[in-house]
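Beneath this line is the structure, given in structure tokens, with notes to follow.
Here is the naming used below: chain letters follow the sequence lines, and residue numbers restart at 1 for every chain.
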Amino acid sequence: MATRYWLLKSEPESFSIDDLQRAPKQTTFWNGVRNYQARNLLRDEMKVGDGVIFYHSNADPAAAVGLAEVVRAGYPDGTQFDPKSDYYDPDAKPDDPRWFMVDIKFKEKFVRPLPLDLLRTLPALADMVLLRRGSRLSVQPVTPAEWKTIVAQGRRPA
DNA sequence: GCCAACGTTGGC
DNA sequence: GCCAACGTTGGC
């Protein structure tokens with residue numbers, strides 16, 4: 001089966017690509033997603049070996065900053081059962097988990113970040129989910145062509 | 001800090 | 001099942 005590609009948003013103040021690079025085994029679980037559309041992608045679609053574009057949201061500037069890889073497919077996000085967690089969901093049941101996460105591993109940091117306004121200038125990305133008006137999804141599908149374009153741009157020296 | 005866009009909730 | 005109110009996201 002062909003490799004698929006995704007974009008994950010993170011606020012660098014809470015977890016940046018540098019944090020991922022420094023993490024044990026350069027790997028982290030991607031917890032705290034509480035949106036059904038994103039949940040469905042995490043639970044059903046993302047597979048080991050899939051490519052991930054790491055994107056910094058609420059950043060100055062917001063930008064695609066590097067690449068990661070899915071190293072564990074969807075499994076229940078334990079924070080939904082933890083009353084002390086910010087992500088606690090009193091309606092989630094351990095035998096019927098509502099929220100899922102994947103594990104991702106650091107692959108590379110782009111030699112230059114790709115800010116939103118730069119991405120918007122690239123014709124190949126015209127239909128990208130990220131660039132659609134009002135798009136807020138924190139887990140997004142990326143087409144192979146979009147992936148190729150972004151990787152090439154990110155590896156090109158500024 | 002503002003606010004547009006979107007998702008979720010809950011009354012009916 | 002509709003939809004108004006509310007909460008959140010995220011760029012600026």
Starting the side chain at C-beta, find the nucleotide from [options] nearest to [X].
| X | options | answer |
| --- | --- | --- |
| A:Leu116 | B:dA4, B:dG7, C:dC12 | C:dC12 |
| A:Ala62 | C:dG11, B:dG7, B:dT8 | C:dG11 |
| A:Asn58 | C:dG7, B:dT8, C:dG11 | C:dG11 |

Nearest-Å distance, [atom1] ([X]) to [atom2] ([N])?
| X | N | atom1 | atom2 | result |
| --- | --- | --- | --- | --- |
| A:Arg136 | B:dT8 | CZ | C1' | 10 Å |
| A:Arg120 | C:dG10 | CZ | P | 13 Å |
| A:Leu131 | C:dC12 | CG | C1' | 16 Å |
| A:Asp60 | B:dG1 | CG | P | 16 Å |
| A:Asp86 | C:dT9 | CG | P | 11 Å |
| A:Asp91 | B:dT9 | CG | C1' | 12 Å |
| A:Glu13 | C:dG11 | CD | P | 13 Å |
| A:Leu137 | C:dG10 | CG | C1' | 13 Å |

Are the side chain of A:Gln21 and the backbone N or O of A:Phe106 linked by a donor-acceptor pair below 3.5 Å? no

Working note: A:Trp30 + A:Phe54, criterion ring-ring contact (aromatic ring centres under 6.0 Å, His included); need CA distance, chi angles, decisive distance, verdict. CA-CA 12 Å; A:Trp30 202 258; A:Phe54 200 107; 5.6 Å; yes

Criterion ring-ring contact (aromatic ring centres under 6.0 Å, His included) on A:Tyr36 and A:Trp99, from CA distance to verdict: CA-CA 8 Å; A:Tyr36 287 104; A:Trp99 306 112; 4.8 Å; yes

A:Asp91 side chain reached by A:Gln80 side chain, heavy atoms, under 4.5 Å: no

Does [X] put a side-chain nitrogen or oxygen below 4.0 Å from OP1 or OP2 of [N]?
| X | N | answer |
| --- | --- | --- |
| A:Arg133 | B:dA5 | yes |
| A:Tyr55 | C:dG11 | yes |
| A:Lys9 | C:dT9 | no |

Can you tell which of A:Leu8, A:Ile53, A:Val129, A:Leu41 makes a side chain to side chain contact (heavy atoms under 4.5 Å, CB included) with A:Gln140? A:Val129

